[in-house]
Colleague: 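Next up is a structure, given as structure tokens.
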Amino acid sequence: MVNALTCLLKKKVTEELPVRSEDVEALGREIKTTIDAAFGRSLAIRELDTGSDNATEIEINNLNNPFYDVERFGITFVASPRHADVLLVTGAVTHNMAIAARKTYDAMPSPKFVVAVGDDACDGGIFSGTYAVLGGADKILPVDMKIPGNPPTPIQILSGLLALMKKARAE
Amino acid sequence: MTTDKDIGIRAAQEFLGSEVLRNRISAGSNNEHYVFIEESEFESAIAHLAANKFVLISLFCCEGFTANAAQTLFYVFERRTSILVLVRGINGHATSIAGIYPSASWFERECRDGFGVEFEGAFDTRRLFLHETYPEDFHPLKKAFKNAAITTKKSVDPADEYPFREVKGEGVYQVPVGPVHAGIIEPGHFRFSVIGETIFNLEVRMFYKHRGIEKLAEGKSPLDCISIAEAVSGDESVANATAFCMAVEQISQIQIPKRAWYLRTILLELERICAHLGDQAGMLVDVAFPLGANQFSVLREECFRENDRLTGSRFLRGMVAIGGLNRDISKTQLDVLNAFVQQMRKRYKIGLKIVLSTASVIDRFATTGVIRPALLRPLNITGPAARASGGKVDVRINHPYGIYEQFAPKPQRLRDGDVLSRFTIKASEIMDSFDLLERLIKAIPEGDINSDAPIRDGYTLAMVESARGQNLCWVWIKDSAIERYKVRTASFSNWLAIEHAVQGNIVPDFPVINKSLNLSYAGTDL
């Protein structure tokens, strides 16, 4: 018979993760608890690059490597905005991406949240006030949370997401 | 190889005559030669260079270079170790050379968007980096335009949408993909024309991320420009910053301390390892082999963490400076790095063995996405992509910068040009970079890491071998400020290779073909 105790005590079918860092585990546990409480078990994220230098994409991608493996904590990256709770926006918004960015946001079901990741997405960064960009993500979308950094590290991105969920729950 | 360096001059002698050439040639500070060319001589010069296997590696425009022409076009040609730049003064109009050099097409469209230069006889005159929402007759790189926010259209009428090449015929249909993709990747549009499952034609449309890097640099002090160079493409931060600083140093004749070059080279090779590991992991994800992919993504994360320990940045940012480096790396740190490299090499070999002994992976990789060797020269394909298709060029070997003459990488060359070749070439390059790191750490001298010297005015071309291939920049400093910063990354050159590589393949193989080249959208769109 399967009960909660056998789930905990029985030998696992899979192998241990080859790598483990305690700060990630601690943050992950808190994220999992908060996602369970605020979103009912899972948080679906759609990533949108509106003009980054690709370093932020790399760090967001790194959240899926075995060091972080954020799916354990209830975070999934989804292929379509139609499945997403959160839009992670990276880079200043270029004129060439403005329409596509707007369409992506419009395709998301409500309630929805927008997080600007990286200095350029937060306020346009070094591209602020130039001909090719509109500025930060908040120039065209309602931004709920900003995670600064050039680029922010995976841990900083996770901490930002945690802050977003706490904020969402408080509201 | 001294004779090789003169190939360009000899060719110029042939199409201009020694007598004429003497007054028209000037040597740049990076072994490149500038030849000023008259309109009447231009066509025969291009024909001569094409017949003699010169590759057009860049073509760019600037204003105010000479008194008697509104714009000046620089045609940069490479053959083996020689670089020849044809300098052509024009007044708003020029003849196109895209019919002879297909790689010129994107360059010419770039010049047209930036400066309003019309190229007569061009087979493609669509706008390139200015998409539909930009106003007509807007040319941001003209000096008359001061960089400031502009208003663009909020929507685009269907009639004004970008016209893609249409392939018609029974059973041919189009698959539009992007700019927003399903994965966590940068934006770009791929227009497939497909028959059944087979790709008949692909047209790539880029520049969604155009951030105006080149205009942003104008008028800035060279010091302020380093962070702009780092922002060209995140995973090539060191390569692009090094190319930019090298240009400024060559213009100003600044000698860099030996130790600084050793450390720069260590950073350049670390960046290459990180990039290649990411590509390899990505290729394995795209053939649904996570066991293999995670071997490499774990190593890559550890590399990022090592980068952070060494420099305080996972992307090695903020280190490269004009005249050397901003911070030293201590002997203890280098010893730790050495031990790190040793164990990385061991674990990398284990991962590689798992991958290369998995039949399903080889089955997906082999014969997929072939880039034919005949395409290398006309399209100017560069880097590991070229070396997997029989190409030989590696900037570290052909135009050695810093200390690469002393620490030359092993020449890598495969001929099949498929995904498997690109995977294998990148594996060999990673192993070679481990060796280079070890040798560099062993031989690094003590001493200063920065030389303080004044920055002078002038212009030059600088090239580095980034993970993706040849990255080139041309820097012109005037009155102590950047007058023009032209960047041409390896990605810009290699995008067109994908259009050819996918033909005859099935749509589901597109992701792995794309990932095997793993080009930077940011580095292309600027």
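Predicted model only: the values in this text are computed from it and were never measured.
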Colleague: For B:K146, which atoms come within 4.5 Å of any heavy atom of chain A: side chain, backbone, both, or neither?
Modeller: neither
Colleague: Please classify the contact between A:R102 and chain B as side chain, backbone, both or neither, with a heavy-atom cut-off of under 4.5 Å.
Modeller: neither
Colleague: Nearest heavy-atom pair of A:A55 and B:R317: which atoms, and what distance?
Modeller: CB-NH2, 4.1 Å
Colleague: Quick check on the interface: out of B:A148, B:A522, B:S297, B:A281, who has the most heavy-atom pairs with chain A under 4.5 Å?
Modeller: B:A148
Colleague: Answer with yes or no whether the side chains of A:T130 and B:N147 bring together a donor and an acceptor at under 3.5 Å.
Modeller: no
Colleague: Would you indicate whether the side-chain heavy atoms of A:E57 and B:I185 approach each other to under 4.5 Å?
Modeller: no
Colleague: Does any backbone or side-chain atom of B:S233 lie under 4.5 Å from a heavy atom of chain A? Answer side chain, backbone, both or neither.
Modeller: both
Colleague: Report which part of B:R314 has an atom under 4.5 Å of a heavy atom belonging to chain A: side chain, backbone, both, or neither.
Modeller: side chain
Colleague: For B:S155, is it the side chain, the backbone, both or neither that has a heavy atom under 4.5 Å from a heavy atom of chain A?
Modeller: backbone
Colleague: In Å, rounded to the nearest 0.5 Å, how long is the span from CD of A:E47 to NE2 of B:H181?
Modeller: 11.0 Å
Colleague: Name the member of A:S128, A:S52, A:A92 that forms the most heavy-atom pairs with chain B at distances under 4.5 Å.
Modeller: A:S52
Colleague: Side chain, backbone, both or neither: which part of B:I150 has an atom under 4.5 Å from a heavy atom of chain A?
Modeller: both
Colleague: Out of B:S313, B:G234, B:P290, which one racks up the most heavy-atom pairs below 4.5 Å with chain A?
Modeller: B:G234
Colleague: Using 30° and 60° as the class boundaries, would you call the ring planes of B:Y134 and A:H95 parallel, tilted or perpendicular?
Modeller: perpendicular
Colleague: Can you tell me if CZ on A:R82 sees more than 12 non-hydrogen neighbours from other groups inside 6.0 Å?
Modeller: no
Colleague: Can you tell which of A:V78, A:N150, A:T104 has the highest number of heavy-atom pairs within less than 4.5 Å of chain B?
Modeller: A:N150
Colleague: Look at the side chain of A:N96 and the backbone N and O of B:F207, then say whether any donor-acceptor pair between them is shorter than 3.5 Å.
Modeller: yes
Colleague: For B:K349, does the NZ atom sit with more than 12 other heavy atoms under 6.0 Å from it, leaving out its own atoms?
Modeller: no
Colleague: Mind ranking A:T56, A:I58, A:V133 by heavy-atom pairs under 4.5 Å with chain B and telling me who comes out on top?
Modeller: A:I58
Colleague: Do the side-chain N and O atoms of A:N65 and B:N294 include a donor-acceptor pair separated by under 3.5 angstrom?
Modeller: no
Colleague: Measure distances from B:Y208 to the heavy atoms of chain A and classify the residue's part below 4.5 Å as side chain, backbone, both or neither.
Modeller: both
Colleague: Among B:E302, B:K153, B:E236, single out the residue with the greatest number of heavy-atom pairs under 4.5 Å to chain A.
Modeller: B:E302
Colleague: Hey, could you give me the CG/CG distance between A:D53 and B:D235, rounded to the nearest 0.5 Å?
Modeller: 8.5 Å
Colleague: Is any side-chain heavy atom of B:R305 closer than 4.5 Å to a side-chain heavy atom of A:S21?
Modeller: yes
Colleague: Working to the nearest 0.5 angstrom, can you tell me the gap between A:N62 CG and B:I184 CD1?
Modeller: 9.5 Å
Colleague: Looking only at heavy atoms, what is the nearest atom pair of A:Y131 and B:H210, with distance?
Modeller: OH-NE2, 2.7 Å
Colleague: With a 4.5 angstrom heavy-atom cut-off, could you sort out which part of A:P81 is near chain B: side chain, backbone, both or neither?
Modeller: neither
Colleague: Go through the steps to decide whether B:R211 and A:I126 satisfy the test side chain to side chain contact (heavy atoms under 4.5 Å, CB included), and finish with yes or no.
Modeller: CA-CA 10 Å; B:R211 297 160 291 159; A:I126 57 171; over 6 Å; no
Colleague: Starting at CD1 of A:I99, measure out to CD of B:E132 and round the result to the nearest 0.5 Å.
Modeller: 7.5 Å
Colleague: At a heavy-atom separation under 4.5 Å, does A:N64 approach chain B through its side chain, its backbone, both, or neither?
Modeller: side chain
Colleague: With only heavy atoms counted, which part of B:P179 is less than 4.5 Å from chain A, the side chain, the backbone, both or neither?
Modeller: side chain
Colleague: Quick check: are there more than 12 heavy atoms from other residues, nucleotides or ligands sitting under 6.0 Å from NZ of B:K353?
Modeller: no
Colleague: For the CZ atom of B:F304 and the CD atom of A:E59, what is their distance to the nearest 0.5 Å?
Modeller: 6.0 Å
